[in-house]
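Data first, discussion second: the structure below is written as structure tokens.
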Amino acid sequence: AAQTQSPDRSDTGDSAAVRILWFSALSKRSFGCVMIVFFVITLNENDSLKTAVSPDVHTEAVQAALAKHKERKMAVPMPSKRRSLVVQTSMDAYTPPGTSSSREGSISMEHWINRAIHGTSSTTTTTTSSTASSSSSSTRSGGSGAAGGRLADVLAQHVHISSRTWIKVCVSVCVCSPSGVPVSSRVSAKIQQLVNTLKRPKRPPLREFFVDDFEELLEVQQPDPNQPKAEGAQMVAMGGEQLGVVTNWPPSLEAALQRWGTISPKAPCLTTMDTNGKPLYVLTYGKLWSRSVKVAYNLLHKLGTKQEPLVRPGDRVALVFPNNDPAAFMTAFYGCLLAEVVPVPIEVPLTRKDAGSQQIGFLLGSCGVTVALTSDTCHKGLPKSPTGEIPQFKGLTSNLSTHLHGALTCDGSVLGVTVMRIAMLTHCQTLTQSCSYTEAETIVNVLDFKKDVGLWHAILTSVMNMMHVISIPYALMKVNPLSWIQKVCQYKAKVACVKSRDMHWALVAHRDQRDINLSSLRMLVVADGSNPWSISSCDAFLNVFQSKGLKPEVICPCASSPEALTVAIRRPLEEGSTPPARGILSMQGLSHGVIRVDTEEKLSVLTLQDVGSVMPGAVMCVVKPEGVPQLCKTDEIGELCVCTVATGTSYYGLAGMTKNTFEVFPVSNIGTPVSEFPFTRTGLLGFIGPGALIFVAGKMDGLMVVGGRRHNADDIVATALAVEPMKFVYRGRIAVFSITVLHDERIVVVAEQRPDSTEEDSFQWMSRVLQAIDSIHQVGVYCLALVPSNTLPKTPLGGIHLSETKQLFLEGALHPCNVLMCPHTCVTNLPKPRQKQPGTIGPASVMVGNLVSGKRIAQASGRDLGQIEDNDQARKFLFLSEVLQWRAQTTPDHVLYTLLNSRGTIASSLTCVQLHKRAEKIATMLAERGHLQDGDHVALVYPPGIDLIVAFYGCLYAGCVPITVRPPHPQNIATTLPTVKMIVEVSRSVCVMTTQLISKLLKSKEALAAVDVRSWPPVLDTDDLPKKKPPLLYKPSNPDTLAYLDFSVSTTGMLAGVKMSHTATSAFCRSIKLQCELYPSREVAICLDPYCGLGFVLWCLCSVYSGHQSILIPPSELEVNPALWLSAVSQYKVRDTFCSYSVMELCTKGLGLQTDSLKSRGLDLSRVRTCVVVAEERPRIALTQSFSKLFKDLGLHPRAVSTSFGCRVNLAICLQVSQGLTTSILVFSVFISSLFLFCRVRLVERGSPHSLPLMESGKILPGVRIIIANPETKGPMGESHLGEIWVHSGHNASGYFTVYGDEALQSDHFSSRLSFGDTQTVWARTGYLGFLRRTELTDASGERHDALYVVGALEEAMELRGMRYHPIDIETSVIRTHKSITECAVFTWTNLLVVVVELDGSEQEALDLVPLVTNVVLEEHYLIVGVVVVVDIGVIPINSRGEKQRMHLRDGFLADQLDPIYVAYNM
């Protein structure tokens, strides 16, 4: 300790809870005397001995505990940080060094990692690969990774890729060994290391609980049968000595002041020091009396008018005085007493941000403070409003407005304690008797004179006994920590009031000062003697200063609380008497609330000193901390309660809390009250030991109950400081508090690190602290955070403001520079992992009619196509090409397509005959230039527009099979071109048709870098078409032949192409025409990507079949003009419109603030009947609802927005059209979807815990039948059971188009049959989980409506702890936790859950997100997050449909390509 840099104490913790005193006067005329009410505002904050030297015993214990761990060094993976986040550190700290560092006993990180992975001790060096963020952010538009090029080359050489038919677009750079351990990547090495660490047996054996029923609640931890229990007899209440009334004691404090002011006006009352330690001025009793009378007169008579005085007796007056002006405070205080008003001392708010000032402002308002007294100097230094003014009250010298907004929070709330005048006087008398104060004694006070011990001894009791107070300001102690000892010598003071930290800093600054003599001291009052760790300061101080005349019996620890005032104080002993005994208690016993004496050799003991005996005239007992105030046994720890006149009487304005604290009636174990008088709870935990001595083991507000065991925050702080006491933690500033996560308290340790510490230092310190706390307290730390020095919120005297620190932590505003979360070790109350159980319905189930296991089979269908009578002329043609020719003859000038540009004007349009003629020219060109045969495949690489439609029908006319492909992005060729190349090769296209611009792009220099451009098939540019007509248009012989191929990349990164026959295509168009009621007179606005799925069908095929006009809006144009789509819908008075989620999101974000200006421009959406979101996923309720609400003002009907659902095997199963049907929103419990037991879906109320809102996915299309089947057994499911959605329809795709046909998968996906029941029907498996529910609504035919709810894709579902989780649910929870999280994606890797979040904010906020993300996933999903990755905006890849490409992200993360801001590996 003697080696610390400076004795500067500005930031040391304030050891007893910082409190702000507060006075108030209520006149009680009936007693003929005025009672003082005196408020103590309790600010809950860090009261540990931040900078006290830890007891040597404890330090040794901690070092011994750590030595045990030394042998089995923990292989903890260090978090990865971006360089910009690493403050003042070398590159070594960023990348784990290859060589061992110089400090002995430390092993390099690489060594650990290698040992973790390979089990060898060889050290290898790894290189960090971090790609520039530009390449990673580009993945959004592309939808494929950089490795695609390599894959294309592989394909070109026709190497057998996979036995599956799905081809992965992005191949991971990270190769896995057979055991699943990845090689060649730093990230995956760290993850493997984390997995290895987690595989180690945890020391406390964890019991996991789980109630396997619908509730699935977590069970409360069962008590350990072997835990120690209290065995002693029931304690009895202990009384103090009689309060002896001395005849010359004054009847009140004002009377005392008047007496001394008139009898001995020259006697010194208070001497104030300046910052050089020179006396600034001396306040005599005469001056104090005359000035106080003036203050009282001015208060009552000079404020307001005679008729309407501003201050009346009983009003409350705030005293705002700085810590260096005790004289002005004392004058104002006694002036208030004389005026019969209630003084309310408050801290001077130094800045507007000052911790706690807001709550004080709130309290001042709620107590009705009308006037504030302050000094001129203080008034000038007060925080100003933006205009530079302090809002003024009419009044005295100067006034301070209390217009600070605040709130009462349950933790860290500001409470006003009222102290009656009789209580204040009695308290002064008890102190006078206990401390044997006599007239004209000198007392040195270092404490805050506005509250607690400082106020009671140096302002109140001193005046009662005409003592002389030497006040040492905080500013002087900062400059010269020895000043108080010098003043004791100089003034031969008899008494000094200090805190442990004042003794500690005096020790540190002490350099053999020869002229020190402390023999005059008869009493050294240690104000925070109730803190168990103050004993070390007392011992160390006595050790050094005993040679300077300090007598051991002089040290008098005392215990106090705002509610009970002085609880106990050790009396000065007679010289030579035996020193009091100490208690050496087992910490494990204390954690169970029992007292077990132990020996000092043990690692986990707590040494306590007594704080004296019960105060004169008081009775004390110890009651159980929770529940009924029942007396404890003699060997049990409980809360101290006192019964005396000298305590507070209430919390101002809080009747309920007052009753629980000030009106407690302790009862014996048989339930009889101990006394007829009420007791006051002190908030201190302790016991009454031998000889009626009181021992305090901690505070109620520092108590943390973890897993049923109690731990004291101060004890944990002491252990953390003992790890490397002054070396790493900046000025010993550590805050410890608990937060509730998953039905138990979790310990959080926050420390300020020294500015010169490196990343490795801090990480090593953190892992050592975890080990030490685990060994000594047998409790796990949930989160350990390090913040830069001087950044934690401070109390006015420089301590850590605990409640505000906790608030910042929970809000994600603490901005730590290092975080280590240990949820795996701490969270022991998770549900048990599910056991695999057989499917609920097997072939042996009884089937009666369409009931299975007593429930209706979950099946539904759209309208029957055979029974619909309509005058559909297109039905008589088998092929779309024939429909187009028929339309070109019958309605040649009818406009089919209109394309809009970003300005909203028509870029081009097509009539029936124009389309027919241009398609003929394309067919000619294919025959002449391309020399194509019937059935050849042609890739169409066009931007969204008219050319794409023309080329498609040209291919049909020529007998070729078209494949639509999204063109590469010109700004992002490297990531988007490989996908184009892959589709062209996998689809076996013999020719590519495109525009002139794109054909140049395909052969450009940039393209050469991404793919092998020489291997492209012939590229035909369709900008200049041949003039002549083809000799004859091709007519297919069989309607079951291939019409076109539909290729798309799934959300898991798989490329899948499906075959669509002519029959299926015509059936599809007919189904949509009937569902949407499309006729030639209708107009439909389409804002979708036209490359696959329903988007392509709506863009290219439906208009030709139904004859309606399609208004085409390319989604890319919305980036330039977000209002384009809605303006077009309004301008063309469109009834039906289709869009994607990405379009909807763009409108919601881009136009959110512009609805008023859009309305004034005449935008009107009242004609929209249906706005359908086209997607292959679970409906995004939050987005559709916010879109509906946002544009409601523009006339959008709340029920207009609905969704569709399609997948690879059937491009559209549902398409909602609200024909008198409401979109029913369901909320159902998320934990019902267990993995192996397909539970019945339970409907719960909105807002229920673990509930999940689901929206119906749309009305089933005509001609479509669906059934819910068990994916494992293939048996049919009952209604409202979760299973796989199977579909049977005329427009099912006829199979995957693959390079190497995998027959097993093909038949399984496209031609499955049920294992029992209707085993004849051939179904296609969608790969999506969902359920059917019959609603109360009826459809047009009078049948009850069956609603289909899609839950999510089977292949995306994550199997963790025997349960099935859908990524979207976890992501939704995570996005809600903090305003800076814009997007989130989750995936699993070796059974670890990895959460990637995009940060919209400064990099400093990155680490705030780690605890928040971990907490929310635990709370809402019962899952422990293994890795949290914080990345820049735009890193999570998203495909054209707005779906997250989680597998790409996973590959990028494992290959170390994301350039993350921070990666946290949770222990």
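Remember, predicted model here, so these are calculated numbers, not experimental data.
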Exercise for the section: List the steps and the verdict of side chain to side chain contact (heavy atoms under 4.5 Å, CB included) for Phe679 and Val619. Expected result: CA-CA 9 Å; Phe679 279 69; Val619 177; 4.0 Å; yes
Hey, what do you get for [atom1] ([X]) to [atom2] ([Y]), rounding to the nearest 0.5 Å?
X	Y	atom1	atom2	value
Met330	Leu460	CE	CG	8.0 Å
Tyr474	Leu447	OH	CG	13.0 Å
Ile346	Phe321	CD1	CZ	10.5 Å
Leu640	Thr680	CG	OG1	12.5 Å
Ile459	Met464	CD1	CE	15.5 Å
Leu300	Leu310	CG	CG	11.0 Å

Problem - Identified side-chain contact (heavy atoms from CB on, under 4.5 Å) counterpart of Gln486 within the set Ile516, Ile472, Asn480 - result: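 For Gln486, the side-chain contact (heavy atoms from CB on, under 4.5 Å) test succeeds with only one of Ile516, Ile472, Asn480, which is Asn480.
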Problem - Identified side-chain contact (heavy atoms from CB on, under 4.5 Å) partner of Val444 from the options Ile470, Val495, Val469, Ile485 - result: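 By the side-chain contact (heavy atoms from CB on, under 4.5 Å) criterion, Val444 pairs with just one of Ile470, Val495, Val469, Ile485: Ile470.
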Return yes if some donor-acceptor pair links the side-chain N/O of [X] with the main-chain N/O of [Y] below 3.5 Å, else return no.
X	Y	answer
Thr644	Ala618	no
Asn465	Met467	no
Thr271	Val282	no
Thr284	Pro265	yes
Lys487	Gly277	yes
Asp315	Arg312	yes
Asn298	Lys302	no
Asp452	Asp448	no
Thr262	Arg259	yes
Asn660	Met657	no

Exercise for the section: Carefully, step by step, assess Asn445 and His457 under the rule side chain to side chain contact (heavy atoms under 4.5 Å, CB included). Expected result: CA-CA 8 Å; Asn445 178 41; His457 288 262; over 6 Å; no
For [X], which residues count as a side-chain hydrogen bond (donor to acceptor under 3.5 Å, both in side chains) partner, sequence neighbours excluded?
X	result
Glu663	none
Thr272	none
Tyr491	none
Gln433	Glu241

Using a 4.5 Å cut-off on heavy atoms from C-beta on, say whether the side chain of [Y] contacts that of [X].
X	Y	answer
Ser483	Met273	no
Arg291	Leu283	yes
Val526	Arg570	no
Ser434	Arg571	yes
Leu299	Val295	yes
Tyr334	Leu253	yes
His427	Trp456	yes
Ser530	Ser560	no

Non-hydrogen atoms of [X] and [Y] that approach each other most closely:
X	Y	result
Leu257	Ser292	CD2-OG, 4.0 Å
Val341	Pro313	CG1-CA, 4.2 Å
Asn276	Leu476	C-CD1, 4.2 Å
Ser471	Leu270	CB-CD1, 4.0 Å
Leu425	Ser252	CD1-CA, 3.9 Å
Thr682	Glu563	O-OE1, 4.2 Å

Problem - Where at least one partner belongs to residues 424-442, residue pairs that pass salt bridge (charged side-chain N to carboxylate O under 4.0 Å, His left out), sequence neighbours excluded - result: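 Checked against salt bridge (charged side-chain N to carboxylate O under 4.0 Å, His left out) - neighbours excluded - the pairs reaching residues 424-442 are Glu441-Arg522.
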Handout entry: Enclosure of Tyr281 OH (heavy-atom neighbours >12, cutoff 6.0 Å)
Key =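 Buried by this count: over 12 neighbours within 6.0 Å.
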Exercise for the section: Return yes when atom NZ of Lys494 has more than 12 non-hydrogen atoms of other residues, nucleotides or ligands closer than 6.0 Å, and no otherwise. Expected result: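 No, not enclosed.
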Handout entry: Contacts of Tyr297 that satisfy ring-ring contact (aromatic ring centres under 6.0 Å, His included) - sequence neighbours left out
Key =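 Partners of Tyr297 under the ring-ring contact (aromatic ring centres under 6.0 Å, His included) test: His301.
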Handout entry: Side chains of Thr649 and Thr418, donor plus acceptor under 3.5 Å
Key =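 The answer is yes; a qualifying pair exists.
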Handout entry: Between Lys450 and Asn323, a side-chain donor and acceptor under 3.5 Å
Key =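 Looking only at side-chain atoms, Asn323 and Lys450 do form a donor-acceptor pair, the distance falling under 3.5 Å.
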Handout entry: Ion pair check, Glu340 and Arg421, cut-off under 4.0 Å
Key =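 Between Arg421 and Glu340 there is no salt bridge, as every charged N stays at least 4.0 Å from the carboxylate O atoms.
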Practice task
Test Leu303 against Val371 for side chain to side chain contact (heavy atoms under 4.5 Å, CB included), laying out the working first.
Solution key: CA-CA 9 Å; Leu303 300 180; Val371 169; 4.0 Å; yes
Practice task
Classify the angle between the aromatic ring planes of Tyr285 and Trp260 as parallel (below 30°), tilted (30 to 60°) or perpendicular (above 60°).
Solution key: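 Perpendicular, since the angle between the ring planes exceeds 60°.
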Exercise for the section: Test Met615 against Val642 for side chain to side chain contact (heavy atoms under 4.5 Å, CB included), laying out the working first. Expected result: CA-CA 9 Å; Met615 298 299 286; Val642 292; over 6 Å; no
